[in-house]
Amino acid sequence: MAYADRIDGELVRFTFRAPERGFAVARLKIAEATEVTVVGAIAGLHEGQRISAEGQWGQDPKFGRQFRIESFLIEDPRTMRGMEKYLASALPGVGEELARRIVEHFGLDTLTILADSPDRLVEVAGIRGKTLERIKEQCVEGKAEQQLMVLLRGFELPAGAAHRVIERFGKDAHSVVQRTPYRLTEVRGIGFRTADQIAMANGMNRDSPERVGAAILHVLEACEDEGSCYLPEAVVVERVCGFDIDVGPVRAGVDQLAELGRIVRKDVIGSTSYPERERPIYRVAMDRIEANVARLLRARVSAAPALAVDIVAAQTAAGIELSAQQAEAVRTALTSGLTVITGGPGTGKTTIVKVLLAAAHQRGLKVGLASPTGRAARRLAETCATAAGPAEAKTLHRMLEFNPLDGGFVRGVEKPVEADLVLVDEASMVDLRLAEALLLALGPRARLVLVGDVDQLPSVGAGRVLADVIRSAGALGQVPVARLTAIYRQAQASSIVRNAWRVNRGELPISSEHEEGMARDFFVLRQEDAEEARGLLLRVVLERLPKLGFEPTRDVQVLTPMHAGPLGTVMLNKVLQDALNPRTGLLGGGAGGHELTIGKRVFRAGDRVLQTKNDYDLDVFNGDVGRVLDVTPSGLTADFDGRLVQLGLLPLESVEHAYAISIHKSQGSEYPAVIAIVHHSHFVMLRRNLLYTALTRARRFVCLITSGRGLTTAVSRPGEDNRWTGLKERLC
């Protein structure tokens with residue numbers, strides 16, 4: 001059931017405001033002796049105003065019963081006291097006493113008088129000269145602000161974003177909207193398309209320099225969201241022309257922005273020269289970040305002096321015997337300021353890490369362990385734990401002490417990370433911005449070890465750091481790279497490992513029943529029809545895997561390339577929830593059948609859920625998977641790897657069902673059993689590294705449900721994502 005409702009009342013007082021987000025908490029008087037707490041994008045409102053709001057009731061674990069506002073209409077105050085509070089709140093310099101005298105004189109007609117005949121304020125004792133002029137000026141500004149709110153809301157701009165426009169531009173806001181609407185993209189939550197809609201409504205010419213320049217900056221920013229650091233000039237022109245702009249104005253716009261220094265156009269990066277059509281075009285900020293990362297990486301190679309390493313003693317301490325290739329990787333990591341250890345499944349990366357840590361401890365080095373995601377960090381800590389005690393691993397954001405208020409990090413040049421050696425696992429997930437923050441936060445003599453599988457999917461954010469560092473090392477030999485290629489005996493019998501390597505070489509995987517002497521841990525089931533494939537998935541989850549000892553809601557993870565479509569996460573989560581955790585007979589039983597609806601998602605006790613954003617207050621991170629224990633109208637309680645977390649209505653905006661998740665979201669995680677869906681309906685997403693990443697998420701079992709065309713496409717397309725990056729060239 002949903003908890004939507006409508007309430008009307010007068011804003012009595014604000015108890016919390018965050019103007020930069022438009023968010024506020026206030027008390028709303030809905031009856032003569034009844035006040036309720038309301039939360040939402042109401043920071044731009046004033047005490048004394050009346051609102052008619054739609055939203056949901058909830059029970060916050062800390063603050064009690066609240067009404068979460070989703071939309072609202074503003075009304076004039078209806079009481080003398082409300083009018084007084086509004087004037088005192090909305091007009092700076094008009095205190096409670098002056099507001100009382102104004103309202104006593106004009107009554108409930110006060111706002112009409114202020115709007116139409118502000119000179120009549122002289123009728124109120126004490127209002128003369130500068131006081132009169134100041135109030136008149138504020139009335140004009142207030143009226144303009146209300147008109148602007150109506151205008152922006154007419155473009156379907158959320159109330160919070162509209163208030164942020166006013167906060168950002170102040171009394172110039174109306175002029176910005178009317179004359180320079182593309183400046184609205186400076187406000188969080190407003191993109192080019194919204195600003196362009198406003199500009200077109202204002203009569204902006206489609207080929208105007210302002211529109212062309214904004215479109216160029218937009219496509220460069222959008223390419224970073226796709227993982228690239230720059231776009232070739234011809235691609236910039238092509239994409240901007242897609243906004244119904246002629247080629248001539250686009251080329252002129254590129255020239256103008258380059259001359260003004262608002263974009264960076266490169267003829268050469270490192271030793272690589274580019275023809276005109278392929279010239280890289282960067283946003284200024286991304287060009288600076290990429291250049292800085294290259295400089296910091298070059299400096300890091302020779303940052304720390306070489307250490308004598310007793311590999312034999314380290315192996316003894318760890319209880320592990322290394323191959324010659326593995327031992328050389330450990331030695332390299334302790335004789336250079338920067339080392340990369342890369343290899344596929346079964347090549348012994350974990351073994352090397354354990355011996356490396358033993359060697360570091362023998363030398364008295366303070367070690368910092370980190371990974372891009374919380375789940376990967378916990379797995380790293382489990383891997384590195386010894387008989388002597390547990391190991392501590394953190395997310396990179398926690399190691400660098402991320403500050404959510406300004407989006408920066410506490411750790412940096414002035415306050416470096418307190419470690420002599422920092423080891424980052426799952427380094428293929430580190431994007432360019434995070435790499436810069438990490439490199440800036442390392443002490444001048446600290447060693448950095450990057451461990452990862454370069455053949456997996458690259459980072460979600462812009463850049464291809466691990467791959468570019470490895471490629472530059474091959475060109476110049478600057479960065480020591482330990483490439484692990486041997487598959488060790490215990491992994492050779494695994495069909496999961498062997499098939500992952502097959503896929504990586506561009507070969508089709510082989511189902512276990514067709515290989516003698518191999519573990520029965522990898523099966524390929526073919527189904528061409530998407531609807532039939534979904535039914536096959538349900539049979540595997542509900543019937544086959546339980547017979548093999550896997551508990552569906554705990555041990556099994558369904559992975560798929562896309563969110564939309566008949567085999568996307570949205571549809572699969574719905575059918576899997578209905579099959580595994582139906583509306584009646586709920587698993588867990590802790591909520592007595594309660595449900596909570598957030599948008600189109602319905603949460604029930606027993607649900608498998610996924611956190612999609614880092615939440616440092618709740619200590620849950622992007623990619624964490626949990627199980628719902630209890631559901632109430634105000635939120636839910638979930639178990640994330642033994643940690644009970646209370647999720648209120650606002651935090652639940654970052655929670656999705658996790659019966660099926662995207663392959664990208666699975667990076668850095670491992671599961672006892674994986675069901676991977678690779679179907680031709682996912683055609684646009686299918687890549688070799690996508691399938692390879694899905695297969696390597698499994699510890700004990702893989703079931704690949706696929707269509708012939710889908711599997712052939714995934715294996716035959718090179719795993720390399722079509723990203724434009726310049727880090728390799730800057731390092732060479």
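Atoms considered below: every heavy atom in the structure, side chains included; atoms not considered: hydrogens, waters and symmetry mates. Because the structure is a prediction, the values reported are computed rather than measured. Counting begins at 1 with the first residue of the sequence.
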Peer 1: Arg445 versus Pro305: any side-chain heavy-atom pair under 4.5 Å?
Peer 2: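 Side-chain contact under 4.5 Å: yes.
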
Peer 1: Can you find a heavy atom in the side chain of Gln611 that is under 4.5 Å from one in the side chain of Glu656?
Peer 2: no

Peer 1: For His657 and Phe603, I'd like to know if the aromatic rings sit close, meaning centre-to-centre distance below 6.0 Å.
Peer 2: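 Yes; Phe603 has its ring centre under 6.0 Å from that of His657.
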
Peer 1: Ring-plane angle category for Tyr230 and Tyr282, please: parallel below 30°, perpendicular beyond 60°, tilted otherwise.
Peer 2: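 Taking Tyr282 first and then Tyr230, their aromatic rings sit tilted (interplane angle of 30° to 60°).
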
Peer 1: Has the side chain of Thr725 got a donor or acceptor atom that lies under 3.5 Å from a matching backbone atom of Cys229?
Peer 2: no

Peer 1: Can you tell me if Lys349 uses its side chain to pair, donor with acceptor, with the backbone of Gly343 under 3.5 Å?
Peer 2: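 Present.
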
Peer 1: Roughly how far, to the nearest 0.5 Å, is the CG atom of Leu448 from the CG atom of Leu296?
Peer 2: 11.0 Å

Peer 1: Would Asp425 and Ser371 count as having a side-chain donor-acceptor pair, cut-off 3.5 Å?
Peer 2: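 The answer is no; no qualifying pair exists.
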
Peer 1: Test side chain to side chain contact (heavy atoms under 4.5 Å, CB included) on Arg608 and Gln557; report intermediate values, then the result.
Peer 2: CA-CA 10 Å; Arg608 187 179 174 96; Gln557 184 60 66; 2.8 Å; yes

Peer 1: Using salt bridge (Lys or Arg N to Asp or Glu O under 4.0 Å), reason through Glu729 and Lys266 one step at a time and then give a plain yes or no.
Peer 2: CA-CA 12 Å; Glu729 287 73 18; Lys266 301 277 190 183; over 6 Å; no

Peer 1: Any non-hydrogen side-chain atom of Val236 less than 4.5 Å from a side-chain atom of Val219?
Peer 2: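 Counting from C-beta outward, Val236 and Val219 do come under 4.5 Å.
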
Peer 1: Mind checking whether Leu400 and Val417 have side chains closer than 4.5 Å, heavy atoms only?
Peer 2: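 Counting from C-beta outward, Leu400 and Val417 do come under 4.5 Å.
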
Peer 1: Could you give the side-chain donor-acceptor pairs of residues 352-370 under 3.5 Å, partners two or more places apart or in another chain?
Peer 2:
residue: Gln362; atom: NE2; partner: Ala313; partner atom: O; Å: 3.2
residue: Arg363; atom: NH1; partner: Ala308; partner atom: O; Å: 2.9
residue: Lys366; atom: NZ; partner: Glu418; partner atom: O; Å: 3.4

Peer 1: Is there a side-chain contact between Gln325 and Leu484 (heavy atoms, below 4.5 Å)?
Peer 2: yes

Peer 1: Hey, does the side chain of Thr339 reach the backbone of Val449 with a donor-acceptor pair shorter than 3.5 angstrom?
Peer 2: no

Peer 1: For the residue pair Asp455 / Asn504, report whether a side-chain donor-acceptor contact shorter than 3.5 Å exists.
Peer 2: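 Yes, because at least one side-chain N or O of Asn504 sits under 3.5 Å from a partner of the opposite role on Asp455.
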
Peer 1: Set out, in order, the CA-CA distance, both residues' side-chain angles and the distance that settles side chain to side chain contact (heavy atoms under 4.5 Å, CB included) for Ser428 and Leu466, then state yes or no.
Peer 2: CA-CA 5 Å; Ser428 62; Leu466 185 66; 4.0 Å; yes

Peer 1: Would you find a donor on one side and an acceptor on the other, under 3.5 Å apart, between the side chain of Gln315 and the backbone of Leu322?
Peer 2: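 Pair found, side chain donor or acceptor close to backbone of Leu322.
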
Peer 1: Would the number of heavy atoms belonging to other residues, nucleotides or ligands and lying under 6.0 Å from CZ of Arg643 be above 12?
Peer 2: yes

Peer 1: Spell out, as yes or no, whether a donor-acceptor pair under 3.5 Å connects the side chain of Ser336 to the backbone of Ala333.
Peer 2: no

Peer 1: Going by the rule ring pair (Phe, Tyr, Trp, His ring centres under 6.0 Å), which residues pair with Phe409 if we only count those two or more places apart in sequence or in a different chain?
Peer 2: His397, Phe402

Peer 1: Do Arg331 side-chain atoms and Gln326 backbone N/O form a donor-acceptor pair below 3.5 Å?
Peer 2: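 No; zero donor-acceptor contacts below 3.5 Å.
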
Peer 1: Contact between Arg447 and Leu338 at the side-chain level, heavy atoms closer than 4.5 Å - yes or no?
Peer 2: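 They are not in side-chain contact.
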
Peer 1: With side chain to side chain contact (heavy atoms under 4.5 Å, CB included) as the criterion, how do Phe169 and Leu184 come out once you've worked through the C-alpha distance, each side chain's angles and the decisive distance to 0.1 Å?
Peer 2: CA-CA 9 Å; Phe169 298 111; Leu184 293 173; 4.1 Å; yes

Peer 1: With sequence neighbours left out, what residues match Tyr692 under ring pair (Phe, Tyr, Trp, His ring centres under 6.0 Å)?
Peer 2: none

Peer 1: What verdict does the side chain to side chain donor-acceptor pair (under 3.5 Å) test give for Ser228 and Arg723, after you've listed the backbone C-alpha separation in whole Å, the side-chain angles of each residue and the deciding distance to 0.1 Å?
Peer 2: CA-CA 5 Å; Ser228 292; Arg723 295 189 176 204; over 6 Å; no

Peer 1: Using a strict cut-off of less than 4.0 Å between a Lys/Arg side-chain nitrogen and an Asp/Glu carboxylate oxygen, indicate whether Asp431 and Arg464 qualify as a salt bridge.
Peer 2: no

Peer 1: Can you list the residues that meet the side chain to side chain donor-acceptor pair (under 3.5 Å) rule with Arg295, with sequence neighbours excluded?
Peer 2: Asn292

Peer 1: Go through Arg183 and Glu186 one step at a time and tell me if the salt bridge (Lys or Arg N to Asp or Glu O under 4.0 Å) criterion holds.
Peer 2: CA-CA 6 Å; Arg183 288 194 63 196; Glu186 300 172 20; 3.1 Å; yes

Peer 1: Can Arg265 and Asp287 be counted as an ion pair, charged N to O under 4.0 angstrom?
Peer 2: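 Looking at Asp287 together with Arg265, the answer is no, because their closest N to O distance does not fall below 4.0 Å.
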
Peer 1: Does Arg697 form a salt bridge (Lys or Arg N to Asp or Glu O under 4.0 Å) with Glu670? I'd like the steps, not just the answer.
Peer 2: CA-CA 5 Å; Arg697 299 307 89 205; Glu670 279 189 349; 5.9 Å; no

Peer 1: Are Thr637 and Gln646 linked by a side-chain donor-acceptor pair shorter than 3.5 Å?
Peer 2: yes

Peer 1: Could you walk me through whether Val609 and Arg627 pass the side chain to side chain contact (heavy atoms under 4.5 Å, CB included) check?
Peer 2: CA-CA 6 Å; Val609 292; Arg627 183 185 177 95; over 6 Å; no

Peer 1: Could you give all pairs that pass the salt bridge (charged side-chain N to carboxylate O under 4.0 Å, His left out) test and reach residues 434-443, with sequence neighbours left out?
Peer 2: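 Qualifying pairs, neighbours excluded: Arg288-Glu436.
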
Peer 1: Holding to side chain to side chain contact (heavy atoms under 4.5 Å, CB included), I want the full list of residues that pass it with Pro444, two or more places apart in sequence or in another chain.
Peer 2: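 Partners of Pro444 by the side chain to side chain contact (heavy atoms under 4.5 Å, CB included) criterion come out as none, since no residue qualifies.
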
Peer 1: Hey, are the side chains of Glu426 and Gln667 touching, using non-hydrogen atoms and a 4.5 Å cut-off?
Peer 2: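 No; the side chains remain at least 4.5 Å from each other.
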
Peer 1: How about Pro345 and Asp453: do any of their side-chain heavy atoms sit closer than 4.5 Å?
Peer 2: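 Yes, at least one pair of side-chain atoms sits under 4.5 Å.
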
